[in-house]
Structures are given as C-alpha cells and as structure tokens.
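Written out below as structure tokens is the structure these notes cover.
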Protein chains: 2
Amino acid sequence: MLLSKSCVYGLRAALFLANQEHGKFIPIRQMSDKLEISFHFLTKILQQLTAEGILESFKGPNGGVRLIKRGEQIPLIDVVLAIDGSELLTECALGLPGCGVKEPCPLHDKWAEARDGIRSMLEESTLTELVQKGRDENLRLTSENGFDILFEVKEGV
Amino acid sequence: MLLSKSCVYGLRAALFLANQEHGKFIPIRQMSDKLEISFHFLTKILQQLTAEGILESFKGPNGGVRLIKRGEQIPLIDVVLAIDGSELLTECALGLPGCGVKEPCPLHDKWAEARDGIRSMLEESTLTELVQKGRDENLRLTSENGFDILFEVKEGV
DNA sequence: TGTTTATGAGAGTCTTTTATCCAAAATAGG
DNA sequence: CCTATTTTGGATAAAAGACTCTCATAAACA
Ligand code: SF4
Ligand code: SF4
C-alpha cells in the first residue's frame, strides 16, 4: 500500500475533525465508532498527530481532540508526514539502501517524476477541500459509509 | 515500499539476465552470488517469473534460467505484475476496500493521475534500456556495487 | 550411475505493522 | 473529596512480510 493503514486511519480521522465545528474537542471514542476503527488503535494514531502538532487534546469529560489549525490550512501531506514519515517521498524505486543523487540508478528520473506527482497530490489537497468535495458529491469515506456519517454528527440527525 | 522486496530482487535478476548473452541459461546460484540475494529466496522469486512466462528454465548441468523474450521486449511492468500483481496499479489511495469508479472518493482523480505516472514509468522502460543506461553511466545496481558486477560475468574479468 | 541444477512443498526465524490491554494522569461535576 | 470521563504511555499480542533453510523429486548430463 502507498500509505500505511495507520496513515489512512489518521487521514480519515482528520477529515472527520475538519468537518466538526472548529475548536470543539471531539472524543476519540466518538470517532472510532463513526469511522469503524478500533478505539485503541485510533488512539495511538491520534497521539502521533498530537505529538506532531497537528492536533491538540484535552483530558477528562468534555475532552477529546481537535485540529490546531483550520482544515483549510492543513494539506494532506501534513498528516501523511506525521504518521508515515517522509519515506514515501524520498524512497528509492528499486529499494536500494543509501541512494545518493550522485549515482542515481536508471529509473531515477522517471521515478522522481511519479513521486512528485504523489507529493503534489498530497500538498495541493487540504482537509477541507476533501470534506467539501465529499459532501457535494456524496462520496464514500469508509467501505460502508459515505460522508453522511460526518454530517449526522454535526447536524444531530 | 512501492515495490515489494521480492519484486525488486526479481527486477535485479531480470536486469542481470538481460545483460547476458541472449539464450544462454544462467544458474540461479551465480545470480544470487553476484546480486547478493539469498539463493533460496531468489529461487522462489524466479520460480514465479518462470510460472508467469517471463523466464524459462533448464535443469541439470549447464542448466539455469533465461529470458524467454529479448530484454528489449520486456518492459519492467511485466516483472512487477508477475511478482507483485496489479494491486499497485489499481489500489486505492485511501485504502478503502471495494472501491468502485461509480462512487469515487475525493482523492481519486489526482491519485489516478499519479498512479498512471508510475504505470507509464514501468511500461516505458525495458530491461535493456535500463541495462544500457546503467552501463553507460556506470550506475549502481546494489547498495555496494554498480553495473560492473554484470559485466564481470559477461566479459570474464 | 552419480552429479548438477531447477521444482515444489513446507517449516522456521526475524522484523514490521497492526491491534489490544491496562495503569496512570488530568479534568469535570456532584 | 469522590467518581466518571477521557487522554497518555507502556507493554503485550496477533498478523503479515521478508527471509532462510531443508527435503524430496525431476530432469539433464557425462
Ligand atoms: S537513483 Fe535509483 S536508487 Fe536512488 S532513489 Fe532514484 S531510483 Fe532509487
Ligand atoms: S475512488 Fe477513492 S477509494 Fe476508490 S480507488 Fe480512487 S482513491 Fe481509492
């Protein structure tokens, strides 16, 4: 997989948060229920996002987790880097350790190009954009559910 | 990793073979030594390539393995598909199971574009091209060695 | 016949990823 | 102060991936 499972879960959670009222703390349990991700597992992932300065958390009743910046200002790449690191954007197509630009292997040019495509995809999309598009076109977010699961919460349906 | 390790090993072996006199059977042991891959592991991988019709094998003394087609006619994608399957070229950026084009998720368009970049990279490069480029520019093939390890064999150095 | 070399099944090890559990700390509210 | 809630962080366990090795079989050769 291009992105690790942790990373995908982190992205989904981030989309979920971007769709909430900004500044409100959302309990992880609520997210894990809605997104159908193991609570404990999601917890670990969100801890990483908190450590990386993407989320902030608050303990106790009415506590939870929220985005530090507004969804408009968070490109997907931030979440990906926080969880999967930069390997995806720097790794070698042929899996050779210790690659240096000085002695590139034959695939390097084309691979770098394809990799940049991935990078720009992640840099140019923000959480809010994705939520917006998901809402407008009623796209899917989990295998079973579409973005409606996000709105249920917000709109109290 | 974009490509599994098995796949990378398979590619390296294929490059090795493409650099040999066409039609000559090369023992797997020779390749595993040169390429610094576990003999048993490489054997498994090459069995797949044989099963997929990329290699043919010959038992007994003077036996080994060779490319069925000439290296010029083998795009990298053939090897990748034989070992890693088509998942790489069809998988979903967000890891959603059972994706249908009918209800794409928001990333779909950009992701499909990036994925096509990878696909064309693998389709447009042939084994021979890579060997050629590696030879001309003395590029690296393993972490330690460059393409010279291929020539040592051929030229009997 | 005996040696070489691939085939195919399979067991075993090691590492990374994915997932679960639990005790501790912080907070809110009664 | 007490209790329920919620994140934190450490530890553990299960699953998947990446190897390593063995063995029995088959084909080719000499
Ligand atoms: S030069 Fe080759 S080994 Fe290095 S990053 Fe590029 S593809 Fe990978
Ligand atoms: S539509 Fe979304 S879920 Fe489907 S393949 Fe594209 S990115 Fe993946």
Side-chain angles (χ1 to χ4, degrees), chain A residues 1-13 17 20 24-68 80 82-85 87-88 91 94-97, chain B residues 1-13 17 24-33 35-68 83-85 87-88 91 95 97 142-143:
Chain A
M1 285 217 311
L2 181 81
L3 304 177
S4 72
K5 218 150 185 190
S6 296
C7 189
V8 169
Y9 290 165
L11 278 171
R12 289 189 206 162
L17 289 171
Q20 301 299 123
K24 190 178 164 193
F25 284 104
I26 309 295
I28 298 177
R29 182 122 248 154
Q30 198 181 104
M31 280 191 274
S32 69
D33 285 352
K34 285 286 173 187
L35 296 173
E36 295 166 22
I37 302 171
S38 147
F39 168 72
H40 296 288
F41 194 36
L42 184 57
T43 284
K44 291 293 181 217
I45 296 166
L46 297 186
Q47 275 174 17
Q48 290 184 69
L49 293 181
T50 304
E52 295 289 330
I54 292 175
L55 303 181
E56 60 189 340
S57 63
F58 195 76
K59 293 176 182 173
N62 307 321
V65 129
R66 71 182 179 193
L67 296 172
I68 288 184
V80 172
I83 298 176
D84 276 356
E87 201 191 343
L88 170 67
E91 75 178 358
L94 292 188
L96 298 178
Chain B
M1 283 218 314
L2 183 80
L3 304 177
S4 73
K5 215 126 193 207
S6 295
C7 189
V8 169
Y9 290 165
L11 278 172
R12 290 189 204 163
L17 288 171
K24 190 178 166 194
F25 284 103
I26 310 293
I28 298 176
R29 181 122 247 154
Q30 200 181 103
M31 280 191 274
S32 69
D33 285 351
L35 296 173
E36 295 166 22
I37 303 171
S38 146
F39 168 72
H40 295 289
F41 194 34
L42 184 58
T43 286
K44 297 287 183 218
I45 296 167
L46 296 186
Q47 275 174 16
Q48 289 183 70
L49 293 181
T50 304
E52 295 289 330
I54 292 174
L55 302 182
E56 58 189 340
S57 62
F58 195 77
K59 294 173 181 174
N62 307 322
V65 128
R66 71 182 180 193
L67 296 172
I68 289 185
I83 297 175
D84 275 356
E87 201 191 344
L88 170 67
E91 77 177 357
T142 75
S143 55

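Reminder, nothing fancy here: chain letters follow the sequence lines and each chain counts from 1. Fair warning: this is a prediction, and the values are worked out from it, not measured in the lab.
When each of C/dA19, C/dA6, D/dT6 is scored by its nearest atom to the side-chain atoms of B/Ile28, the top-ranked nucleotide is C/dA6.
OP1 and OP2 of C/dA19 both lie 4.0 Å or more from every side-chain N or O belonging to A/Ser38.
The separation between A/Ile26 atom CD1 and D/dT5 atom P is 18 Å, rounded to whole Å. Rounded to a whole Å, the CD atom of B/Gln30 is 10 Å from the P atom of C/dA6. Look at CZ on A/Phe25: it is 10 Å from P on C/dA28, rounded to the nearest Å. Between B/Leu42 atom CG and D/dC19 atom C1' the separation is 12 Å, expressed in whole Å. Atom P of nucleotide D/dT6 and atom CZ of A/Arg66 are separated by 16 Å, given to the nearest angstrom. With rounding to whole Å, B/Glu56 atom CD is found 14 Å from C/dA6 atom P. When rounded to the nearest whole Å, the span between CG of B/Asp84 and P of D/dG17 equals 11 Å. A/Phe39 places its CZ atom 10 Å from the P atom of D/dT8, with the value rounded to the nearest Å.
Residue pairs meeting the side-chain hydrogen bond (donor to acceptor under 3.5 Å, both in side chains) criterion with at least one partner in residues 53-67 of chain B, sequence neighbours excluded, are B/Glu56-B/Arg66.
Annotation: ring pair (Phe, Tyr, Trp, His ring centres under 6.0 Å) contacts of A/Phe39 (sequence neighbours excluded): none. In this structure A/Ile37 satisfies the side-chain contact (heavy atoms from CB on, under 4.5 Å) test together with A/Tyr9, A/Leu35, A/Leu42, sequence neighbours excluded. Scored by the side-chain contact (heavy atoms from CB on, under 4.5 Å) test, B/Ser6 finds B/Ser4, B/Phe41, B/Ile45, B/Ile83 as partners (sequence neighbours excluded).
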Pairs of donor and acceptor atoms involving the side chains of residues 46-54 of chain B, under 3.5 Å and at least two apart or interchain, shall be tabulated with distances.
{"residue": "B/Thr50", "atom": "OG1", "partner": "B/Leu46", "partner atom": "O", "Å": "2.9"}

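Here CZ of A/Arg29 is found 12.0 Å from CE of A/Met31. Values are rounded to the nearest 0.5 Å. Summarising the geometry, atom CG belonging to A/Leu2 is positioned 8.5 Å from atom CG belonging to A/Asp84; distances are rounded to the nearest 0.5 Å.
Scanning residues 57-65 of chain A for heavy-atom distances under 4.0 Å to DNA chain C yields A/Phe58, A/Lys59, A/Gly60, A/Pro61, A/Asn62.
With contacts defined as side-chain heavy-atom distances shorter than 4.5 Å, the pair A/Ile68/A/Leu55 does not qualify.
Minimum interatomic distance between B/Ser32 and B/Ser38 (heavy atoms only, all atoms of both residues): CB-C, 4.3 Å.
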- Message: Strictly under 4.0 angstrom, non-hydrogen atoms only: write out the protein contact profile of nucleotides 9-18 of chain C, one letter per nucleotide from the 5' end, B, S or -.
- Response: BB-------S

